[in-house]
Asker: 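I'd like to ask some things about the structure below.
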Amino acid sequence: EDLKNKIIRTVGNPYQRFSEDALRIIRAIRFSSSLGFEINKDTSNAIHELCDNVLQVHPQRIRDELSKILLSMNVSVVFSEYKDVLCKLIPEINDIVDFKQNTPHHRYDVFTHTLKALSVSPEDLKIRMSLLLHDIAKPKCHKMDSSNIDHFKGHPAESANIAGEILSRFSYPSSFINSVTDLIRFHDCRFKNISPD
């Protein structure tokens, strides 16, 4: 019946199931994102209340689930709904949640901007990981001028450094880390078409 109604719930008490194995919290979110299923209210409540438990999960197991979530169709939806879990997995994300950008170039806070970018991106892990982390250093680089306009000078390079530290914690391959950090480091650059002549 749950499969027919596109509902995800634990077998039995969700608090007990998630206390037995906190990886199930991340997997529930991944199944919701990849299948487009809704998480049952009791199961969802347990995820939010027990999200600290994901700190017990081995980083490489988190890496595998995080990669699958990033490649799923509803990644921005589940990251919005379960940002508390995401912030436990990647604590640096917490700094960009609700961080305003008073600038002519942005109308969303940094986290919402990140989710919007993810929602329109191709299903490529390097690109989506880069988008998830591309503005991670904006709070650290924030300055406001005399006209109350925000500036984030140097944030691409600093975001690349922070992203490298995050991805290393999860033991992503060096080649993957280098590709992602390069994309982040140059994400604000505008490249001109150069004629072969």
Side-chain angles (χ1 to χ4, degrees), residues 18 21-34 47 50-99 101 109-142 152-189 191:
F18 293 144
D21 183 359
L23 184 65
R24 292 170 180 164
I25 291 173
I26 311 171
R27 283 187 172 155
I29 295 170
R30 193 246 295 177
F31 290 142
S32 175
S33 186
S34 61
I47 288 172
L50 298 177
C51 68
D52 281 345
N53 290 13
V54 299
L55 299 173
Q56 304 166 9
V57 180
H58 192 280
Q60 291 182 12
R61 298 179 79 192
I62 293 174
R63 177 198 63 200
D64 296 341
E65 294 298 324
L66 180 62
S67 296
K68 291 173 184 176
I69 293 171
L70 278 169
L71 287 174
S72 60
M73 60 181 174
N74 290 319
V75 55
S76 60
V77 175
V78 298
F79 278 169
S80 177
E81 187 171 352
Y82 296 98
K83 60 178 173 279
D84 51 348
V85 177
L86 178 61
C87 288
K88 295 297 180 183
L89 301 177
I90 306 175
E92 294 88 346
I93 294 285
N94 194 56
D95 292 337
I96 69 171
V97 173
D98 297 325
F99 195 94
Q101 302 186 89
D109 65 74
V110 179
F111 185 64
T112 303
H113 162 78
T114 297
L115 296 184
K116 294 284 185 183
L118 280 172
S119 71
V120 294
S121 64
E123 292 181 9
D124 180 288
L125 185 58
K126 289 177 183 177
I127 292 174
R128 289 197 170 176
M129 186 65 78
S130 301
L131 287 171
L132 178 65
L133 303 175
H134 78 287
D135 281 346
I136 200 80
K138 273 194 168 179
K140 184 176 181 179
C141 298
H142 173 249
F152 305 96
K153 291 181 180 179
H155 83 273
E158 188 60 32
S159 292
N161 293 336
I162 295 172
E165 294 170 4
I166 292 168
L167 297 177
S168 294
R169 286 203 304 260
F170 293 120
S171 298
Y172 278 95
S174 295
S175 59
F176 179 82
I177 295 174
N178 291 337
S179 294
V180 169
T181 53
D182 280 347
L183 286 171
I184 294 172
R185 185 172 289 106
F186 297 110
H187 82 264
D188 254 4
C189 295
F191 297 97

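One is the number of the first residue; the rest follow in order along the sequence.
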Asker: So, Arg128 side chain and Pro122 main chain: donor-acceptor pair closer than 3.5 Å or not?
Answerer: yes
Asker: Is there a side-chain contact (heavy atoms from CB on, under 4.5 Å) between Leu131 and Thr114 once you walk through the steps?
Answerer: CA-CA 6 Å; Leu131 287 171; Thr114 297; 5.7 Å; no
Asker: Roughly how far, to the nearest 0.5 Å, is CD1 of Ile47 from CG of Asp84?
Answerer: 9.0 Å
Asker: To the nearest 0.5 Å, how far apart are CZ in Arg185 and CG in Asn161?
Answerer: 6.0 Å
Asker: Would you tell me whether Ser72 and Ser33 have side-chain atoms, one donor and one acceptor, within less than 3.5 Å of each other?
Answerer: yes
Asker: Keeping Ser159 on the side-chain end and Ala137 on the backbone end, is there a donor-acceptor pair under 3.5 Å?
Answerer: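 Judged by distance alone, yes, a pair lies under 3.5 Å.
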Asker: Should the pair Arg61-Asp64 be classified as a salt bridge under the 4.0 Å nitrogen-to-oxygen rule?
Answerer: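 No, Arg61 and Asp64 are not salt-bridged.
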Asker: Can Asp135 and Phe99 be said to form a side-chain contact (heavy atoms from CB on, under 4.5 Å), step by step?
Answerer: CA-CA 11 Å; Asp135 281 346; Phe99 195 94; over 6 Å; no
Asker: If the plane angle is over 60° it's perpendicular, under 30° parallel, otherwise tilted; pick one for His134 and His113.
Answerer: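 It falls in the tilted class, 30° to 60°.
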Asker: Check the pair Phe170 / Ile90 against side-chain contact (heavy atoms from CB on, under 4.5 Å), numbers first and verdict last.
Answerer: CA-CA 10 Å; Phe170 293 120; Ile90 306 175; 4.1 Å; yes
Asker: What distance separates Glu165 CD from Leu133 CG, expressed to the nearest 0.5 Å?
Answerer: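 One finds 11.5 Å between CD of Glu165 and CG of Leu133.
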Asker: Would you check, one step at a time, whether the test side-chain contact (heavy atoms from CB on, under 4.5 Å) holds for Leu23 with Ile26?
Answerer: CA-CA 5 Å; Leu23 184 65; Ile26 311 171; 4.2 Å; yes
Asker: Could you give the distance from CD1 (Ile62) to CD1 (Ile69), rounded to the nearest 0.5 Å?
Answerer: 10.0 Å
Asker: For Gln56, which residues count as a side-chain contact (heavy atoms from CB on, under 4.5 Å) partner, sequence neighbours excluded?
Answerer: Asn53
Asker: Do side-chain atoms of Arg63 reach the backbone of Ser171 as a donor and acceptor pair under 3.5 angstrom?
Answerer: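 Yes, Arg63 side chain to Ser171 backbone: donor-acceptor pair under 3.5 Å.
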Asker: Look at the side chain of Ser80 and the backbone N and O of Ser76, then say whether any donor-acceptor pair between them is shorter than 3.5 Å.
Answerer: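 No: the side chain of Ser80 does not pair with the backbone of Ser76.
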Asker: Keeping the roles fixed (side chain from Ser32, backbone from Ala28), state whether a donor-acceptor pair exists under 3.5 Å.
Answerer: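 Side chain of Ser32 to backbone of Ala28, a donor-acceptor pair under 3.5 Å: no, none is there.
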Asker: Just by distance, do the side chain of Asp124 and the backbone of Ile127 share a donor-acceptor pair under 3.5 Å?
Answerer: yes
Asker: Would you call Leu70 and Leu118 a side-chain contact if the rule is heavy atoms closer than 4.5 Å?
Answerer: yes
